[in-house]
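Below is one structure, written out as structure tokens; comments come after it.
Throughout, protein chains are lettered first and strands after them, A, B, ... in sequence-line order, and every chain is numbered starting at 1.
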Amino acid sequence: MFLQVNKLNKQFQTKTGTLVVLKDIDMTIQQGEFICAVGASGSGKSTLLRQIAGLDTPTSGEVKVDGKQVTGPGPDRGMVFQHYTLFPWMNVQENTEFGLKLQGVPKKERREQASYFLTVVGLTKFAQSLPKELSGGMKQRVAIARALASEPKVLLMDEPFGALDIHTKESMHEFMLDLWQRTNITIFMITHDVEEAVFLSNRIYALGARPGTVRKEIPINLPDRTHMVKRHAIFHDYRDELMDLLRKHGQEAVAAVV
Amino acid sequence: MFLQVNKLNKQFQTKTGTLVVLKDIDMTIQQGEFICAVGASGSGKSTLLRQIAGLDTPTSGEVKVDGKQVTGPGPDRGMVFQHYTLFPWMNVQENTEFGLKLQGVPKKERREQASYFLTVVGLTKFAQSLPKELSGGMKQRVAIARALASEPKVLLMDEPFGALDIHTKESMHEFMLDLWQRTNITIFMITHDVEEAVFLSNRIYALGARPGTVRKEIPINLPDRTHMVKRHAIFHDYRDELMDLLRKHGQEAVAAVV
Amino acid sequence: MTSTPHRSIQSFIKPKLIRPTVFWRLAEDIPKPLYTALTITSIALPLLLWWMVTTFGNIDPKFLPSPGKVLEAFGRLWSTRELLKDTVASLWRVGVGFLFASLFSIPVGVLMGSFPSIRALLEPLFGLMRYMPAPAFIPLLILYLGIGEEPKITLIFIGVFFFNSLMVMDTVKFVPKDLIEATYMLGGNRWEALTQVILPHVLPGIIDACRINLAAAWQLVIVSELIAANEGLGRRISVAGRFLRTDEIFVGLIVIGVIGLTFDLLFQYLLRVSCKWASQKR
Amino acid sequence: MTSTPHRSIQSFIKPKLIRPTVFWRLAEDIPKPLYTALTITSIALPLLLWWMVTTFGNIDPKFLPSPGKVLEAFGRLWSTRELLKDTVASLWRVGVGFLFASLFSIPVGVLMGSFPSIRALLEPLFGLMRYMPAPAFIPLLILYLGIGEEPKITLIFIGVFFFNSLMVMDTVKFVPKDLIEATYMLGGNRWEALTQVILPHVLPGIIDACRINLAAAWQLVIVSELIAANEGLGRRISVAGRFLRTDEIFVGLIVIGVIGLTFDLLFQYLLRVSCKWASQKR
Amino acid sequence: TNPAVYIKTTNETASTGSAVEGAVRLGFSAWPGWFPWQVAEEQGIFEQNNVAVDLKWFDGYLESISTLTAGQIDANSQTLGDTVSSVSGGADQVVVLVNDNSTGNDKVIVAEGINSVADLKGKKVAAEEGTVDHFLLLLGLEKANIPKQDIQFVPLETGKAAAAFVAGQVDAVAVFAPFTTQALKRPGSQELFSSKDFPGAISDHLVFNRKYIQENPDKVQAVVDSWFATLDYMQANQDKAYEIMAKRGGVSVEEYKEYADGTQIFSVEENLKAFQPANDMSSLMFAADEMGQFLVDSGLATQKPDTSTLFDDQFVKAYAAKVGKS
Ligand SMILES: Nc1ncnc2c1ncn2[C@@H]1O[C@H](COP(=O)(O)OP(=O)(O)OP(=O)(O)O)[C@@H](O)[C@H]1O
Ligand SMILES: Nc1ncnc2c1ncn2[C@@H]1O[C@H](COP(=O)(O)OP(=O)(O)OP(=O)(O)O)[C@@H](O)[C@H]1O
Ligand SMILES: [Mg+2]
Ligand SMILES: [Mg+2]
């Protein structure tokens with residue numbers, strides 16, 4: 001039980017009253033797993049990830065990483081945000097090093113570490129580029145390298161490929177699988193893209209909306225992980241099961257939108 | 001030959017020299033067709049649409065709508081932009097009426113016309129809402145209603161659903177097909193989402209990148225247009241053909257990105 | 001792949017903890033009661049300090065009058081109606097000068113922001129004029145406009161016009177080009193894009209620029225009332241300064257400060273109302 | 001579905017045409033040569049008008065000196081080195097006053113923008129102080145600081161400090177919260193987020209605020225040099241005003257304008273350099 | 001118009017009716033020799049002499065001078081020195097009446113420990129540059145044979161100069177009443193010398209723009225007549241006059257009475273004499289010449305102004321003839 005979410009509840013006080021966003025969420029993720037949580041827009045996915053990251057405090061319940069309760073943000077959990085969060089005035093190398101710099105790692109060591117992870121994400125050639133000179137996919141790869149550089153226990157990702165076009169997305173999927181196999185890191189990723197989730201993960205949590213709850217936990221067993229698998233019937237079955245699940249809740253959610 | 005693009009070339013003068021973005025584009029679209037152009041990011045899709053819209057002047061070649069050469073922007077071509085372009089201070093009704101107001105249509109008539117098209121896009125209930133209160137899909141539906149209200153000869157769409165989540169996107173696809181069948185309007189849509197293009201269009205222009213050229217023109221014949229068709233082999237064949245086409249060029253393009 | 005033994009980094013990392021805090025919250029809201037308490041402190045603390053210094057310190061009241069003396073001066077000037085008259089006179093001058101300056105600078109600024117040609121035509125001149133100290137124009141204003149209300153108002157006009165034009169111009173830069181192109185596609189011409197799209201879009205920005213420049217207008221009230229004024233807060237302050245009636249200087253300053261802050265809050269309210277449609281908070 | 005015969009609308013539509021234009025391009029670049037030509041016109045046209053009016057109009061040179069006379073006065077003041085001395089004196093005062101004001105207001109403004117608690121603590125006070133006309137402080141400054149350079153510089157300090165703090169504060173609002181949270185996730189604490197993320201992010205905004213407030217500082221040069229100055233452009237202008245030597249007033253104004261514009265361009269350059277990393281142009 | 005005019009303060013004087021078309025626009029500022037204009041206005045003496053006067057009070061004396069030069073008022077009460085410097089600057093002005101001579105109300109006031117002009121050496125002395133008090137200071141230095149470079153001159157507006165002196169920021173100050181009262185509030189301060197020591201050096205006049213005189217000689221005459229009528233009134237109603245003048249000056253009646261000796265209001269006879277040429281300071285022409293030299297010496301004027309047409313005694317003479325005092 002490497003990452004554990006126990007009876008997590010989160011509500012916000014708004015002008016119109018109390019908004020229950022997350023209700024009784026329970027999750028258990030083992031070391032080395034690649035887990036996705038899928039849910040419609042507004043189902044509280046980002047909110048859930050923020051509690052795990054320690055950027056917000058749950059109303060009740062707890063989050064444990066490697067047995068220790070989460071009380072605040074910290075580099076033991078690497079985070080890749082939904083929107084690009086590279087520091088625009090730093091070049092790729094500086095961005096990748098930044099976490100290590102904050103943690104007091106000496107210049108030489110952090111330079112080596114950053115270079116290593118830039119090699120891992122395949123951006124060594126762009127070490128001196130500014131974020132604005134990168135495409136969306138490259139930006140997220142730098143964000144991943146930056147998170148990995150601190151050698152976190154778990155990598156948290158919030159719809160990291162939502163803003164990418166379909167081709168870039170595909171190559172990022174291959175990249176992620178490759179990275180995961182090479183580094184053997186624990187990954188918890190959030191997405192609304194069902195195919196993405198099926199293609200990447202060992203297990204999927206399907207979230208229901210308003211309030212966000214775990215509707216179903218689906219273990220994924222695919223014959224292989226190349227993009228040919230997407231034509232496989234088993235892939236389609238997973239996809240359709242999830243789609244149906246979400247379509248229903250998604251429509252509820254849309255109807256509830258003002 | 002309702003919308004015609006003849007030997008269109010477009011180049012930009014940049015600091016580093018002349019950038020050829022579009023090269024010898026030829027296209028012919030008949031009245032009532034639903035045509036998509038698919039291409040990787042940076043292949044010049046938006047640039048092409050801007051020439052057709054008259055928002056920019058081609059370096060050479062011409063664009064004809066209903067036999068008349070395009071010399072500038074105008075309401076005979078309805079446009080739905082890649083980014084949300086609703087006027088944020090007007091409510092949905094006012095946004096939909098705005099084009100008619102600019103064209104001097106009296107208040108009563110334009111109110112009726114706008115209401116009609118809000119019914120068409122299913123947003124009558126939201127007539128008094130501000131754009132910021134709408135979800136992404138609703139925003140694009142208002143943009144479509146706004147464009148349709150002027151009864152354009154052709155509806156131009158630049159990746160209108162690129163920013164939507166997968167479920168909203170699906171319902172927008174159904175909505176578009178329904179709209180197209182009911183109004184019988186000519187639609188020219190640009191996208192990088194291959195499935196979207198296959199699902200929606202009569203014919204697809206696959207664009208190559210750097211410089212943008214028409215690589216292939218593919219007529220689409222699907223047995224039906226419900227989302228069950230996506231499991232059909234013929235759908236997958238179209239999809240894969242296009243994917244292969246673009247993947248090759250897409251990778252070229254990615255490699256060329258600084 | 002390099003062969004760097006990258007697992008070594010852990011030994012260099014010094015663990016740190018971010019302690020939860022209320023007062024030092026960074027870019028996060030603090031609880032409402034704390035906010036209110038701090039706001040009250042903001043005004044009360046300086047008052048208290050002032051009172052302490054004048055009461056327990058051995059300070060010549062000519063140099064720093066006690067709050068009591070200032071209150072007394074306030075009462076005196078109020079009872080003779082002089083303060084009311086001064087306030088009305090200055091309010092009117094600043095108000096009219098500022099109003100005219102806004103009336104001219106807003107269209108000019110919008111045009112400069114919208115049309116690069118007009119910007120090229122006016123920006124260098126305005127950039128030059130903005131630096132010229134408004135008080136320098138006093139002798140010229142007396143020559144051209146006499147000693148009535150006109151030169152006083154014109155001085156405030158000059159002091160606000162150029163700044164406001166350039167600041168309004170800056171706000172126009174942030175209108176998304178997409179919206180203008182959407183207007184063309186819907187059948188609008190340039191004039192309609194200007195009046196029906198650019199103008200409503202920059203309205204909050206204009207209000208904010210005006211808010212800042214209203215403060216600039218008040219900065220000029222003393223100088224403008226050097227021109228043969230018989231009443232006015234600025235004149236009261238300069239006469240008081242001449243006779244070292246520090247208590248009256250403080251009365252004048254505080255009245256101006258309070259009036260200014262009132263208008264500031266009014267503008268902030270207008271700003272909030274005018275950009276209700278914006279998804280981002282200001 | 002309603003049964004409105006919606007095809008009827010075509011009869012109401014009045015077709016319009018947007019004529020291509022160069023001069024009236026809206027929010028679009030105009031050709032470089034036109035831009036240059038217009039920029040030159042911007043300065044040349046007023047000069048020409050001025051020359052025409054004074055040459056052909058029947059205007060008392062006391063009221064409006066001809067460009068020739070102003071040039072002559074410039075030559076005269078230049079040859080006696082008086083103008084140089086004045087310029088250096090004023091540059092120094094404005095420079096030092098502005099520098100100190102920036103030095104204090106930038107950290108204060110950044111802190112106010114970053115910590116809601118500090119904002120609550122200072123904003124009301126600063127909002128009040130900002131409206132108080134700096135010249136009102138002259139008698140007090142003479143009392144406390146004498147008649148040397150200190151009161152002159154302090155006056156400029158007062159005139160800039162509050163404005164700049166509040167404007168810097170405003171720029172901090174635009175730092176994306178995501179970046180700060182990313183810093184926490186990477187192991188940074190609040191102080192590091194402030195100095196290593198917020199500060200570099202708002203640097204361009206700070207430069208822009210300083211650029212505007214440098215102009216405000218020059219607005220005070222005349223008033224500050226009313227305090228026992230023996231030299232300075234402001235003093236030259238006020239003495240010239242007393243003796244109605246309009247030509248010298250113009251010399252002073254133009255010198256200040258040119259100096260100001262030079263610094264403005266310098267700041268604009270700094271701004272461009274400092275936000276090279278921003279994807280949006282400023 | 002500014003709505004503030006509709007607010008009446010409790011200590012405001014009843015008159016100040018709105019300006020009549022064609023009224024003489026007459027400016028004056030804070031100086032004991034000029035406060036009688038306020039008496040004239042409040043006691044309706046202008047009306048008695050059939051002339052409409054729009055009396056303009058200036059808080060800043062300097063503004064009154066530049067306003068006259070700018071032609072925005074027709075007449076002003078100002079010192080000889082300033083009239084000469086205006087003329088040197090190209091203004092066309094004419095002195096028609098001597099209001100007074102300063103006989104002590106312009107003072108050089110020094111801090112404790114300074115007991116002679118020689119003690120001023122190296123000290124900071126404040127005065128308003130180019131004004132009569134600056135002139136007085138230089139006269140004093142000259143008399144004591146001290147070069148003006150030996151003192152540290154501090155140019156400050158008169159009110160501020162007095163304030164700076166009280167605050168101990170300067171060691172001496174040259175100011176005129178009522179600011180002398182202000183300056184003397186500094187503990188231990190004393191008068192070093194005053195205009196009493198230089199009779200005729202500082203005289204104050206009613207000055208008109210020449211064009212106005214040419215076009216409206218009768219109005220000018222009526223203003224001059226009103227002045228003398230006011231002096232008669234003040235003789236007869238001293239208490240009331242003091243009350244009005246003290247209020248205008250912003251000082252108490254007691255304080256105001258101290259100025260009485262420091263300002264010698266000129267009678268008709270004294271006026272006639274002053275307009276005569278002579279070789280000492282009792283003659284305006286001689287004094288104007290001296291003043292011109294002073295302006296050149298102090299660098300405030302580039303060349304000595306032509307003062308030959310500066311004086312016009314026809315109105316004083318006409319009044320004298322009318323009352324049979326010629
Ligand atoms: N700070 C907050 N205060 C009030 N309500 C909030 C807050 N943060 C989130 N919410 C609400 O919680 C709900 C879930 O938001 P969340 O951002 O977690 O959704 P999401 O699943 O990440 O959606 P998306 O796919 O669009 O990113 C939304 O209805 C949102 O309005
Ligand atoms: N005004 C311009 N000046 C210079 N280059 C331009 C300009 N507009 C577009 N380009 C270049 O033309 C190329 C094509 O751009 P375009 O926006 O048409 O691509 P796209 O296919 O729409 O991409 P996306 O899918 O990301 O929207 C890009 O390389 C872009 O940098
Ligand atoms: Mg989210
Ligand atoms: Mg595009």
Region of Pro135(C) in contact with chain D, defined by heavy-atom distances below 4.5 Å: both
Side chain / backbone / both / neither for Leu121(D) at chain C, heavy atoms under 4.5 Å: both
Pro139(D) versus chain C, the contacting section by heavy-atom distance below 4.5 Å: side chain
Options Ile237(D), Leu122(D), Ile30(D), Val255(D), ranked by heavy-atom pairs under 4.5 Å with chain C, top entry: Ile30(D)
Options Gly257(D), Gly113(D), Ala120(D), ranked by heavy-atom pairs under 4.5 Å with chain C, top entry: Ala120(D)
Part of Ile256(D) lying under 4.5 Å from any heavy atom of chain C: both
Donor-acceptor pair, side chain of Ser42(C) and main chain of Leu125(D), under 3.5 angstrom: yes
Part of Leu166(C) within contact of chain D (heavy atom distance under 4.5 Å): neither
Largest heavy-atom contact set with chain C, pairs under 4.5 Å, which of Gly241(D), Gly159(D), Pro116(D): Pro116(D)
Toward chain D, the part of Phe162(C) with a non-hydrogen atom under 4.5 Å: neither
Contact summary for Phe163(C) and Ala216(D), nearest pair of heavy atoms: CZ-N, 3.8 Å
Polar side-chain atom of Gln219(C) near backbone of Arg130(D) as donor-acceptor pair, under 3.5 Å: yes
Heavy-atom pair with the smallest gap, counting every atom of Val221(D) and Pro133(C): CG1-CG, 3.7 Å
Selection from Asp264(D), Leu194(D), Val172(D) maximising heavy-atom pairs under 4.5 Å formed with chain C: Asp264(D)
Most contacts with chain D, counted as non-hydrogen pairs under 4.5 angstrom, among Leu261(C), Leu233(C), Ile254(C): Leu261(C)
Residue among Gly127(C), Pro124(C), Ala136(C), Ala193(C) with most heavy-atom pairs under 4.5 Å to chain D: Pro124(C)
Chain D contact via Ile198(C) - which portion, at a heavy-atom distance below 4.5 Å: side chain
Contact leader toward chain C among Ile259(D), Ile43(D), Thr41(D), where contacts are heavy-atom pairs under 4.5 Å: Ile43(D)
Per-residue contact mode, Ile249(C) against chain D (heavy atom under 4.5 angstrom): side chain
Heavy-atom donor-acceptor pair, Tyr131(C) side chain to Leu214(D) backbone, under 3.5 Å: no
Contacting region of Leu26(C) [heavy-atom separation from chain D under 4.5 Å]: both
Segment of Leu253(D) engaging chain C (4.5 angstrom heavy-atom cut-off): both
Most chain C-contacting option - heavy-atom pairs closer than 4.5 Å, from Lys177(D), Met167(D), Met132(D): Met132(D)
Chain D contacts, top residue of Leu64(C), Thr39(C), Leu265(C), Leu34(C) (heavy-atom pairs, under 4.5 Å): Thr39(C)
Side chain, backbone, both or neither of Phe126(D) within contact of chain C (heavy atoms, under 4.5 Å): neither
Which atoms of Arg211(D) approach chain C - backbone, side chain, both or neither, heavy atom under 4.5 Å: both
Under 4.5 Å from a heavy atom of chain C, the part of Ile142(D) involved: neither
Residue part contacting chain D, namely of Leu140(C), when any heavy atom lies under 4.5 Å: side chain
Contacting region of Ser238(C) [heavy-atom separation from chain D under 4.5 Å]: neither
Ile212(D) portion near chain C, given a 4.5 angstrom heavy-atom threshold: both
Heavy-atom closest pair, residues Val258(C) and Leu128(D): N-CD1, 4.0 Å
